[in-house]
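What follows is a single structure, written as structure tokens, with notes after it.
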Amino acid sequence: MYNLKIINSTVRPSRKGPIITEWIAEVAHQHSEFNVEVLDLAQINLPMMNEPAHPRLKQYEHEHTKQWSAKIEEADAFIFITAEYDHSYPAPLKNALEYLVQEWGYKAAGIVSYGGVSAGTRAATSLKTDLIALKVVPLFEAVNIPFFDQFINDEAEFVPNESTQRAAQLMLTELVRWTKGMLVIRGKEI
Ligand SMILES: Cc1cc2nc3c(=O)[nH]c(=O)nc-3n(C[C@H](O)[C@H](O)[C@H](O)COP(=O)(O)O)c2cc1C
């Protein structure tokens, strides 16, 4: 079993992100290769980056950073769920990424984006650029959900159409493959 951390991007009251996060977490859970944990940035509640030392030194002063570091360290792979805010990905996720360096590296990531006509693809593209700087390998296969509101029912559940379901399965299949590859690169047992 590989440790998959699913990380959302939005923290505002009334956000829709958790609805989509819950759906992809369930799909990932059905992939028996993954031990799934959702890391909700609203609950984790990191302050704006307040560590004095450069994160690559891992000289963390604050308990919140040590806990965040431990969670990311134990990950073998990630799925990021990103909304699109002003044509990019939301600030809480950028802040959470910037807290750490080495813990992210040589691990693969799938991206689920949601938005209006753009399906959050501009956010996903910005996120990919930043992930590369942290040596995270973002997958080509992705889930991009346009006008996502129409797939949320009265019970606040995400009900994907066929193409979204297929995209999720493809992304997870590729994520398993890349996770195995990254284990070799990190010098770990497959
Ligand atoms: C600050 C802000 C900026 C937004 N910018 C965009 C945008 O650039 N593109 C887009 O498709 N939707 C945009 N939206 C609409 C979001 O797609 C929609 O509100 C979505 O629910 C945001 O995710 P959340 O509910 O998890 O916060 C924006 C929403 C907010 C609150």
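Whatever order the structure lists ligands and atoms in, that order sets their numbers, starting from 1. These numbers come from a predicted model, not from an experiment.
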### Query
With distance as the sole criterion, is a donor-acceptor pair present between the side chains of Asp86 and Ser88 under 3.5 Å?
no
### Task
Please state which part of Asp86 comes within less than 4.0 Å of ligand 1, counting heavy atoms only: side chain, backbone, both or neither.
both
### Task
Flag Arg12 as yes when one of its N or O atoms lies below 3.5 Å from any N or O atom of ligand 1, and as no otherwise.
yes
### Query
Which ligand 1 atoms are under 4.0 Å away from a heavy-atom of Ser118?
11 (O)
### Task
Please check if the side chain of Thr21 supplies one atom and the backbone of Asn8 the other of a donor-acceptor pair under 3.5 Å.
no
#### Entry: Under 3.5 Å: N/O of Val117 near N/O of ligand 1
no
### Task
Under 4.0 Å from a heavy atom of Tyr114: give me the atoms of ligand 1 that qualify, with their elements.
23 (O), 24 (P), 26 (O)
### Task
Say whether, by atom type as modelled, one donor and one acceptor occur between the side chain of Ser9 and the main chain of Ala83 under 3.5 angstrom.
yes
### Those atoms of ligand 1 less than 4.0 Å from some heavy atom in Gly115
11 (O), 17 (O)
### Numbered atoms and elements of ligand 1 in range of Gly17, under 4.0 angstrom, heavy atoms
26 (O)
### Task
State whether a side-chain donor-acceptor pair under 3.5 Å links Gln59 with His54.
no
### Task
Note the single closest protein heavy atom to atom 8 (O) of ligand 1, along with its residue, its atom name and the distance in Å.
His87 N, 2.9 Å
### Task
Classify the ring geometry between Trp68 and Trp104 as parallel (under 30°), tilted (30 to 60°) or perpendicular (over 60°).
perpendicular
### Message
For ligand 1, which is the ligand I care about here, please tell me if Ala83 has any N or O atom under 3.5 Å from one of the ligand's N or O atoms.
### Response
no
### Query
Considering only heavy atoms from C-beta outward, does the side chain of Phe34 approach that of Met1 to under 4.5 Å?
no
